[in-house]
Protein chains: 2
Amino acid sequence: MSLKNAILVLLEGKPGTGYDLAQRFRGGIGQFWSASHQQIYQELKALGQDGLVEFELQEQASRPDRKHYRITAEGRAALKAWLEGPWKPERISSAILLRLYAANLADSAPVLEELDRNLAQFRDKLAEYLQQESSHLARSGRSSLRQALVYVSLRFGIRNLQSWIMLLAEVRALLTQGRVPERPALDELGPAGGAGRP
Amino acid sequence: MSLKNAILVLLEGKPGTGYDLAQRFRGGIGQFWSASHQQIYQELKALGQDGLVEFELQEQASRPDRKHYRITAEGRAALKAWLEGPWKPERISSAILLRLYAANLADSAPVLEELDRNLAQFRDKLAEYLQQESSHLARSGRSSLRQALVYVSLRFGIRNLQSWIMLLAEVRALLTQGRVPERPALDELGPAGGAGRP
DNA sequence: GGATCATATGCAACATATTGCATATCAGTC
DNA sequence: GACTGATATGCAATATGTTGCATATGATCC
């Protein structure tokens with residue numbers, strides 16, 4: 001139901017090919033929505049049949065032809081209706097969280113291996129986001145609603161990553177030293193942080 | 001692939017009926033995994049055919065008969081193997097986040113309505129979790145690994161809720177006053193908080 | 001007395017997502 | 001000269017999840 005809308009949001013921002021969209025799903029919005037290229041192409045086809053998007057075929061000499069999609073007026077209306085519609089409660093499912101929760105049932109060696117790989121990845125991503133945040137702060141005097149929304153979403157993403165890193169670090173400590181650290185080890189967190197302990 | 005494992009984790013903790021599991025998915029573990037009863041019954045059937053769980057039929061006079069499931073040795077082995085196996089990168093998808101991100105494309109009145117409903121719900125849930133946290137802290141001297149994992153998961157859930165509440169409050173301020181609040185309005189957050197600004 | 005909720009399980013149809021495969025070319029690396 | 005990665009699109013089979021319906025009873029609310 002909402003991959004459809006995710007695509008419409010992206011195309012509203014800027015027209016592009018299915019391939020472009022797949023790229024964009026890996027950046028920014030990837031934080032809260034992503035999809036494989038197979039899914040995207042299928043969905044674009046369906047959206048086209050419903051008249052919510054349209055495309056222009058751009059023939060290319062060497063590379064395969066590209067279908068350059070853009071949102072239609074009808075598409076914009078459908079998106080607006082969805083945005084203004086009721087929110088359904090969301091079903092969370094995270095296999096990683098499940099594994100951590102049940103980590104006592106496994107040998108810790110293999111779990112720690114994966115945990116460390118993920119910890120490193122999360123830290124890299126956090127560094128990236130923090131950089132984006134500071135460059136946003138640098139260029140912002142008075143920002144539009146659009147920009148402000150992008151900014152608060154980014155901050156949300158940062159907090160989430162920090163929270164994940166903290167969890168992984170805590171579980172790591174539990175599995176290696178058998179204790180919960182008093183002050184979780186998170187020195188490299190930078191600004192835009194968490195809830196602020198009273 | 002992992003509803004299967006989520007069920008095994010639950011049954012490992014304590015045997016029960018499909019109905020029981022559905023209940024439990026709404027509490028604690030609901031934070032990171034949940035499923036409808038239809039899915040659960042189907043999965044239990046499949047797990048039974050694979051020999052990972054078994055059940056005992058308890059006939060009841062008035063109520064429908066219950067199938068009391070428990071995990072088998074084979075089930076435990078399969079779960080352990082999964083827990084020690086590789087972690088796949090997770091695909092995030094949140095329709096709510098998507099809506100907030102694109103909130104500039106909609107009339108704010110209907111968005112604010114849903115936003116406020118959700119804000120209230122999140123705050124209620126947070127209060128609940130905070131209570132669970134303090135009761136956990138009260139009874140804990142030296143805790144087992146199992147208990148510690150439950151505790152860090154709970155804290156993770158608390159941080160996430162706080163982060164959501166912060167986001168919703170920020171978007172709310174943007175839509176009503178057109179600005180990002182300097183210090184997000186979040187006085188009722190209590191302990192177990194965020195990342196701690198340096 | 002009727003409505004709703006909790007208990008308890010399940011089928012069937014449909015929607016959505018994942019996995020594997022297929023095609024085609026250019027650029028750069030080993 | 002072979003392999004990998006970026007560009008660009010797509011089909012088909014399978015797996016997973018959602019929605020609607022069906023059954024049956026006791027308890028509680030209004």
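Keep in mind the model is a prediction, meaning the values are calculated, not measured. Below, chain A is the first sequence line, B the second, and so on; all start at residue 1.
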Would you sort out whether B:L21 and B:I7 count as a side-chain contact (heavy atoms from CB on, under 4.5 Å), showing the intermediate values? CA-CA 8 Å; B:L21 295 178; B:I7 289 177; 3.9 Å; yes
Ignoring hydrogens and geometry, is there a side-chain-to-backbone donor-acceptor pair from A:E84 to B:D107 under 3.5 Å? yes
Does B:E114 reach the main-chain N or O of A:W87 with its side chain, forming a donor-acceptor pair under 3.5 Å? yes
Does any N or O in the side chain of B:T72 come within less than 3.5 Å of the main-chain N or O of B:G51, such that one atom is a donor and the other an acceptor? yes
Worked verdict on A:L47 versus A:K4 for side-chain contact (heavy atoms from CB on, under 4.5 Å): CA-CA 7 Å; A:L47 284 167; A:K4 208 177 102 169; 3.3 Å; yes
Quantify the bending of the helix from C:dG1-D:dC30 to C:dC30-D:dG1 as the angle between its end axes, each fitted on five pairs, to 10°. 40°
Say whether, by atom type as modelled, one donor and one acceptor occur between the side chain of B:R99 and the main chain of A:W82 under 3.5 angstrom. yes
Along DNA chain C (nearest heavy atom to each residue), the more 5'-positioned of B:D65 and A:S36: B:D65
Listed partners of A:D116 passing salt bridge (Lys or Arg N to Asp or Glu O under 4.0 Å), at least two apart: A:R172
Specify the residues of residues 8-27 of chain B, ordered by number, for which at least one heavy atom lies under 4.0 angstrom from an atom of DNA chain C. B:T17, B:G18, B:Y19, B:Q23
OP1 or OP2 of C:dA15 sitting under 4.0 Å from any side-chain N/O of A:K4? no
Looking just at side-chain N and O atoms, do A:T17 and A:D20 make a donor-acceptor pair shorter than 3.5 Å? yes
Within residues 37-56 of chain B: residues closer than 4.0 Å to DNA chain D (heavy atoms): B:Q38, B:Q39
Which residues within residues 78-102 of chain A lie with some heavy atom under 4.0 Å of an atom in DNA chain C? none
Answer with yes or no whether the side chains of A:E90 and B:S94 bring together a donor and an acceptor at under 3.5 Å. yes
Both conditions, 6.0 Å and 45 degrees, for the charged tip of B:R146 above the ring of A:Y101: are they met here? yes
Do A:E12 and A:L79 pass the side-chain contact (heavy atoms from CB on, under 4.5 Å) test, and can you show the C-alpha distance, the side-chain angles, and the key distance before you say yes or no? CA-CA 9 Å; A:E12 220 287 332; A:L79 176 57; 4.2 Å; yes
For the side chain of B:R123 and the backbone of B:I165, is there at least one donor-acceptor N/O pair under 3.5 Å apart? no
Set of residues satisfying side chain to side chain contact (heavy atoms under 4.5 Å, CB included) with respect to A:N160, sequence neighbours excluded: A:F156, B:N160, B:S163
To the nearest angstrom, the OH-P distance between A:Y69 and D:dA8 comes to 14 Å
